[in-house]
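These values consider heavy atoms only, across backbone and side chains, with no hydrogens, waters or symmetry-generated copies.
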Amino acid sequence: MPNTYTQIHIHLIFAVKFRKAQIQPSWKERLHQYLTGIIQANKHKVLQIESMPDHIHILFGMRPDQSLSSLIQNVKTESSKWINVNKLSSSKFHWQDGFGAFSYSKSQLPQVIKYIQNQEEHHSKKTFIEEYKSILDAFDLDWDEKYIFHELL
């Protein structure tokens, strides 16, 4: 798209289905590389990625020629297939429906990168759900408890 200039930075968060702790330390770096490859193949730029056993954070620069929902559907579908084909999880792997996507200015990127890099430290003090709700609140979003990522009851 000639004469189109954008600077769109998205902090993406999504969870393993039922928030099961399926992402294992033994293969999480390979998962990060695979996810980065999918995003790059769609011509976006990964700036930071980190996962916990039950969810993932990805900060990326987004081009405007693809919808966010389309990209995320592709990322989730392809990575789930890859995890299952390679038998990385002891049970069938699925990402939970839905996601959080939050935009940041260029000046905020160092703080967001540091935040994503320090996930283990954050989660020693806060659960994923507490973290997620605090992000929703920080962005002043209306949210409904029934649509928050839930565990298998």
Side-chain angles (χ1 to χ4, degrees), residues 6 8-104 109 112-139 141-153:
T6 63
I8 305 166
H9 301 103
I10 304 293
H11 176 192
L12 175 62
I13 306 168
F14 53 93
V16 175
K17 191 161 190 160
F18 304 123
R19 290 191 13 251
K20 289 171 65 177
Q22 287 184 277
I23 301 171
Q24 299 302 311
S26 61
W27 53 269
K28 83 174 198 170
E29 288 306 317
R30 288 177 27 209
L31 172 63
H32 296 175
Q33 291 168 353
Y34 194 79
L35 291 166
T36 297
I38 296 168
I39 293 167
Q40 288 175 338
N42 282 274
K43 298 185 172 66
H44 308 286
K45 182 178 181 180
V46 173
L47 303 172
Q48 186 63 52
I49 187 169
E50 185 57 72
S51 60
M52 295 300 293
D54 65 345
H55 72 282
I56 194 156
H57 293 256
I58 305 171
L59 177 65
F60 67 100
M62 184 168 183
R63 293 184 156 289
D65 56 353
Q66 181 179 26
S67 76
L68 182 60
S69 294
S70 170
L71 173 64
I72 295 168
Q73 179 180 358
N74 181 238
V75 166
K76 286 180 165 184
T77 299
E78 294 305 313
S79 60
S80 292
K81 279 187 210 172
W82 178 79
I83 291 165
N84 289 319
V85 164
N86 288 287
K87 297 179 171 57
L88 298 174
S89 180
S90 58
S91 60
K92 185 91 168 156
F93 186 93
H94 298 282
W95 294 110
Q96 190 146 332
D97 291 339
F99 59 88
F102 310 95
S103 61
Y104 287 91
L109 295 182
V112 178
I113 288 169
K114 186 176 179 182
Y115 178 82
I116 292 171
Q117 288 173 336
N118 292 320
Q119 280 299 292
E120 287 190 30
E121 180 185 325
H122 295 303
H123 290 295
S124 68
K125 301 170 191 157
K126 247 184 202 185
T127 67
F128 168 57
I129 292 302
E130 291 169 336
E131 171 193 45
Y132 193 67
K133 288 178 181 178
S134 70
I135 293 170
L136 294 173
D137 289 340
F139 277 85
L141 295 170
D142 290 329
W143 52 272
D144 188 325
E145 186 71 38
K146 69 182 177 186
Y147 296 116
I148 299 296
F149 302 117
H150 288 287
E151 294 180 68
L152 183 60
L153 302 176

Colleague: So, Ser124 side chain and Glu121 main chain: donor-acceptor pair closer than 3.5 Å or not?
Modeller: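 Yes: the side chain of Ser124 pairs with the backbone of Glu121.
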Colleague: Go through it in stages, so that I can follow the logic: the residues are Ser91 and Lys20, the test is side-chain contact (heavy atoms from CB on, under 4.5 Å), and I'd like the CA-CA distance, side-chain angles, deciding distance and then a yes or no.
Modeller: CA-CA 10 Å; Ser91 60; Lys20 289 171 65 177; 3.5 Å; yes
Colleague: With rounding to the nearest 0.5 angstrom, report the CE to OG distance, Met62 to Ser67.
Modeller: 6.5 Å
Colleague: Got more than 12 heavy atoms from elsewhere within 6.0 Å of CD, Gln73?
Modeller: no
Colleague: Please check: side-chain N/O of Asn84 versus main-chain N/O of Phe93, any donor-acceptor pairing under 3.5 Å?
Modeller: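 It does hold such a pair.
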Colleague: Is it the case that atom CG in Asn118 sees more than 12 heavy atoms from other parts of the structure closer than 6.0 Å?
Modeller: yes
Colleague: Can you name the closest pair of heavy atoms from Trp27 and Leu88 and give their distance?
Modeller: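 Minimum heavy-atom separation between Trp27 and Leu88: NE1-O, 3.0 Å.
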Colleague: List the steps, then state whether side-chain contact (heavy atoms from CB on, under 4.5 Å) holds for Ile10 with Phe102.
Modeller: CA-CA 5 Å; Ile10 304 293; Phe102 310 95; over 6 Å; no
Colleague: Minimum heavy-atom separation for Ser89 and Gln22, please, with both atom names.
Modeller: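 Looking at all heavy atoms of both residues, the closest pair is OG-NE2, 2.8 Å.
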Colleague: Could you state the interatomic distance from CG (Leu109) to CD1 (Ile116), rounded to the nearest 0.5 Å?
Modeller: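 It is 9.5 Å, given to the nearest 0.5 Å.
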Colleague: Could you give the distance from CD1 (Ile23) to OG (Ser79), rounded to the nearest 0.5 Å?
Modeller: 8.5 Å
Colleague: Roughly how far apart are Asp65 CG and His44 NE2, rounded to 0.5 Å?
Modeller: 6.5 Å
Colleague: Is there a side-chain contact between His32 and Ile58 (heavy atoms, below 4.5 Å)?
Modeller: no
Colleague: For Ile83 and Tyr34: C-alpha separation, side-chain torsions, deciding distance, then whether side-chain contact (heavy atoms from CB on, under 4.5 Å) applies.
Modeller: CA-CA 10 Å; Ile83 291 165; Tyr34 194 79; over 6 Å; no
Colleague: Are Leu68 and Phe99 side-chain neighbours, meaning at least one heavy-atom pair lies under 4.5 Å?
Modeller: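 They are in side-chain contact.
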Colleague: Could you tell me which non-hydrogen atom of Ile39 sits nearest to which non-hydrogen atom of Lys45, and how far apart they are?
Modeller: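 For Ile39 and Lys45, the tightest heavy-atom pair comes out as CG2-N, 4.5 Å.
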Colleague: Among all residues two or more places apart in sequence or in another chain, which pass the side chain to side chain donor-acceptor pair (under 3.5 Å) test with His123?
Modeller: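 Side chain to side chain donor-acceptor pair (under 3.5 Å) check on His123 returns His55, Gln119, Glu131.
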Colleague: Tell me, do Val75 and Trp95 make a side-chain contact under 4.5 Å, heavy atoms counted?
Modeller: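 Answer no - side chains too far apart.
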Colleague: Between His11 and Tyr104 (side chain of the first, backbone of the second, donor and acceptor by atom type, cut-off under 3.5 Å), is there such a pair?
Modeller: no
Colleague: Applying side chain to side chain contact (heavy atoms under 4.5 Å, CB included), name anything that partners Thr6, two or more places apart in sequence or on another chain.
Modeller: Thr4, Ile8, Pro64
Colleague: Between the side chain of Lys76 and the main-chain N/O of Gln96, is any donor-acceptor distance below 3.5 Å?
Modeller: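 Such a contact is found between Lys76 side chain and Gln96 backbone.
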Colleague: Side chains of Leu136 and Ile148: does their closest heavy-atom pair fall under 4.5 Å?
Modeller: yes
Colleague: Does any pair with a residue in residues 54-64 pass salt bridge (Lys or Arg N to Asp or Glu O under 4.0 Å), and if so which ones, sequence neighbours excluded?
Modeller: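 Found Arg19-Asp54.
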Colleague: Would you give the length of the straight line joining atom CG of Leu35 to atom CD1 of Ile56, rounded to the nearest 0.5 angstrom?
Modeller: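 Reported value, rounded in 0.5 Å steps: 4.5 Å.
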Colleague: How long is the straight-line distance from CD of Glu50 back to NE2 of His57, given to the nearest 0.5 Å?
Modeller: 9.0 Å
Colleague: Begin from the C-alpha positions of Phe60 and Leu71 and carry the test side-chain contact (heavy atoms from CB on, under 4.5 Å) through to its verdict.
Modeller: CA-CA 12 Å; Phe60 67 100; Leu71 173 64; 3.6 Å; yes
